[in-house]
Each structure stands twice: as C-alpha cells, then as structure tokens.
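What follows is a short report on a single structure.
Labels below follow one simple rule: chain letters A, B, ... track the order of the sequence lines, proteins then strands, and each chain is numbered from 1.
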Number of protein chains: 2
Amino acid sequence: MTEKLHKNQRQRAPSQRSLATRDRIFDAAEQLFADRGFEGASIRDIARAAGVQGALVSHHGGSKEALFATVVARRAEELSTLRLQALAAAKAQAQSDAESALPLRQVLHCFLAPFIHQTLHGGANWSAYGRLIAHVSSNPRWQQIAQRCFDPTARVFLEEIAKALPEADTQKISACFVFMVSAMLSLCTSRWRIVGLSQAETAEDLTAELLDFCEAGFRA
Amino acid sequence: MTEKLHKNQRQRAPSQRSLATRDRIFDAAEQLFADRGFEGASIRDIARAAGVQGALVSHHGGSKEALFATVVARRAEELSTLRLQALAAAKAQAQSDAESALPLRQVLHCFLAPFIHQTLHGGANWSAYGRLIAHVSSNPRWQQIAQRCFDPTARVFLEEIAKALPEADTQKISACFVFMVSAMLSLCTSRWRIVGLSQAETAEDLTAELLDFCEAGFRA
DNA sequence: GTCTATAATGAGATAGAC
DNA sequence: GTCTATCTCATTATAGAC
C-alpha cells in the first residue's frame, strides 16, 4: 500500500471541502442546464452561480459534455432506486405469490409517484432535475445518456406493465409508455399551464390526474 | 398613391429572387433551430446552410430572436387553418343542427391528425417544424410566442372538448389537453423510441394509437 | 484544490461598397 | 438585395503559480 500509484489513480481521498465545492458546482450546473439548456448555460455562468472560478468547473466536471452527463447521472440512480423500491414494496404487500401480476395502476404509480414527488416537493435541486430530464429526453443528442441512465429501470416497468396487461401488444405498450413519460415530463416544463388553469393543486392531485389519464390510455 | 412614403414603409414589393432567398434562409433556420435549439444553432451555420452570407440572415430575419419567432409563426397559421378546417368539415358532415356537440374522438382527431400528417408526410421542412414546436413548448422562454401562435386555436378546441364532455371539470380538461399535446409532440422528438419498438408504423397507425390513448385519458 | 491569466475560437451584429 | 470586412464580446479550455 505504500507503493507508488499510477498517475491516473487517485492518490488519496478528496477532502470534505473539495467534495462540498464539487457538489456546489454540480448543483449550479444542474440549475443552469435546466433553465437554459446545454448550449444556453455557459461554464462561466455555472462558475459564478457556484461561487468559484471557471477553471474549477473544468477541474471537477471535465469537459462541458462530461459535466452535463455527470449531472444527469447523479440523481438518476437515486430516482431508479426510489422507483424500484416502490415496486418491490408494492409486490411485498400484494404478497400472495411471487409471480402474480400487480394491478396496472399500482405499477404506474410506482413509476410516476417518485418522480413527481421529488420534482415537486424535493426542493429546488430536484425541480431543476426534472426540467433537465425533459431536455435530455427531447433531444436525440442525449440519447446515449438517456439510455444509460433510464433504460434499465424502464425495461423493468415495461415488463411489469406487460404482466398486468397480458392480452396487450408489446409494441403498443411501448408506445403508450413513451406517451406517459412525455406527459409526466410536461408537469415539469408546462406546470404553469396546468396550474394557471386548475389552481393550487397538490402533487397528489396532479399525480392522480396523470394516473387517470395514463391508466385509461394503456387500457385502450 | 404617388406620394412619398415614410421611410419605414416598404417602398416597393420585394423581388421574386429576394423572396426565394428569404425562404431559403427561413427553411435553413427552421432546420437548424429544430436540430440544435435556439442557442445551439448559430447565425453563421444558418447562413452556410442557406448558401448566403451571414449579413443576409440578419437582413431578412432581424435579430436572432426575431428570426426564431418568425420561423415559428410562419407555419403556425397554416397549421391552425388545417385544424379549424378539419373541425368545420366534421361539423358540416354531422350537420344535424348547428349546436349539437361533436363526439370527443372526432374533435381530438381534428386537432391531432393535421399535425401528425404534416410532420410525418409533409417533407423535411414540416418534420423540422414539429421538432421546433417541441422546443418552443418545453421552454418557458418561448411562452409568449407559443401563446400568440397556438393559444387561439387551442381555446377553440378546448371549448369543443368541453361540449363533448359536458359533465367534466374544465380544469381537468385543460390538464388533459396539456398531456395530449405533450404526447403528440413526443412523436416528433421520440419517434425513434416508438418506431424502434413497433416497426414500420404508418402515420395513420400512430395517430390511431395516440387517439386511443388520449381519448381514454380524457374520459377518465 | 484553488486561483490568475490567457490562449484560441466563434459568436451576433453592422457599416458601407456595389 | 447582396456581399466584404470588421467590431465587440463571450465562449471553452488550459498552463502554471500558490
């Protein structure tokens, strides 16, 4: 353990201060990428918002593209965990036998509720993250990032939906899933439209409305 | 009519060549704004794509923001016309008496079909326009443009939907309308996801699938 | 790890000749 | 209407001191 390490390995653990700075930078990047998109947010803006010098952003985040990918990936794992935990909990509660299918609405709820809850009640960071994901999801340029971060979990839910709708065509289910994700993301990007019309709805109301819409859509 | 005109009025009609150049510029801008977003597409790129000098883009389009707004507005009127014509034709065919409500599915079809048909079969320009609208619709920065271009027609359809669903809450209808528009736009931005899964669908198939999804959602 | 300074590039806009 | 040339500013990235 006292031998020399290769140059590209970390020589020692980063300090607490370094970690805090790094998180401030990632938070600022998340916020600005969400507000203005990838090209609209400059490294300088991010540095200023984080209260550091521009060079530090490059130091912690690498190139601008790498920084973007890192920020997207950062909360993706947590989101996946929340979704899969919700699914596991629902299965455990249904408990009868391991292979019985969950009701469709419950599957959809496990997918939608964590996202909506976090983006609406998880503070400014999660709110920004929701809008960030909307960017990722609507621009083919980030297709690879989206696949890495979200496809594995999506696949799990697609299978679960297929089990809940045994007579439905797999292709139609996939199309509906894309529609559902779009509608879900519209809560982040177009909430002003909805809230401006139906005043002061809670996250639970919105979740229920979206669930009604999507469940009926899947069944059709 | 032979008097001198004020300086900011057009002294004479633009030449055919000028109009053709202007349209080339607008087409190129539409394509690049759709592909890379507002900040991702530079005036220089647009000029190169149109085969003109950069100064000409400013000449015809004004500032970059004005150019963007112009390109969005350009096809918006045509789209509105197609939608309202479809609605009028459906009403004329139902013909019974002028105040009877159209069936929900028919109203939604009149709204969705023109957009889907144009963006899928209207050539590269309309395809780009669809992706452009997805940008406009997901970024609050373009809220004003969106309202100017699309709200009047949306209002007409919202009323028609409310007539088709007399017992439904107006606020819920509005929320569902936002979900529907999101799902519609996802056909432009995420078609690779859907098509990659359900192979070789026609525009009519996709329209029907989206209609099934949204009609059921509204009824829920 | 953090900072200053700067390199290298590209951006949007416009003046003025033709 | 179109083009050349140029202004001014912001961009990402990095080298090197501390």
Look at the side chain of [X] and decide which nucleotide, out of [options], has an atom nearest to it.
X	options	answer
S58(A)	dT14(D), dT12(D), dT14(C)	dT14(D)
S63(B)	dA13(C), dA13(D), dT2(C)	dA13(C)
V52(B)	dC3(D), dT2(C), dT2(D)	dC3(D)
H60(B)	dT2(D), dT12(D), dT2(C)	dT2(D)
A55(B)	dC3(D), dT4(C), dT12(D)	dC3(D)
D45(A)	dT2(C), dT11(D), dT2(D)	dT11(D)

The side-chain hydrogen bond (donor to acceptor under 3.5 Å, both in side chains) partner of R131(A) among T119(A), D35(A), T189(A) is D35(A)
Output the rounded distance in Å from [atom1] ([X]) to [atom2] ([N]).
X	N	atom1	atom2	answer
L56(B)	dG16(C)	CG	C1'	15 Å
E39(B)	dT12(D)	CD	P	12 Å
I43(B)	dT14(C)	CD1	C1'	13 Å
H59(B)	dT2(D)	NE2	C1'	8 Å
F38(A)	dT11(D)	CZ	C1'	12 Å
I46(B)	dG10(C)	CD1	P	17 Å
R48(B)	dG12(C)	CZ	P	11 Å
E65(B)	dG12(C)	CD	P	12 Å

The correct set of residues in residues 18-37 of chain A placing a heavy atom under 4.0 Å from DNA chain C is S18(A), T21(A)
- Under 3.5 Å, is there an N or O donor on one side and an acceptor on the other linking the side chain of R44(B) and the base of dG12(C)? yes
Tested for ring pair (Phe, Tyr, Trp, His ring centres under 6.0 Å) against F33(A), the lone hit among Y129(A), F68(A), W142(A), F26(A) is F68(A)
Next on the checklist: Taking NE2 in H109(A) as the centre, count heavy atoms belonging to other residues, nucleotides or ligands within less than 6.0 Å. Is the count above 12?
Outcome noted: no
_Once you apply a heavy-atom cut-off of 4.0 Å, does S42(B) come out as touching a base, just sugar-phosphate, or nothing?_
sugar-phosphate
Closest non-hydrogen atoms of I173(B) and A162(B), given as atom of the first, atom of the second and distance, are CD1-CA, 3.8 Å
From the list R141(B), R148(B), Q143(B), side chain to side chain contact (heavy atoms under 4.5 Å, CB included) with I145(B) holds only for R148(B)
Notebook entry, point to check: Does S186(A) reach the main-chain N or O of A183(A) with its side chain, forming a donor-acceptor pair under 3.5 Å?
Noted result: yes
Under the side chain to side chain donor-acceptor pair (under 3.5 Å) criterion, do S182(B) and S182(A) qualify, and how do the steps go? CA-CA 6 Å; S182(B) 288; S182(A) 287; over 6 Å; no
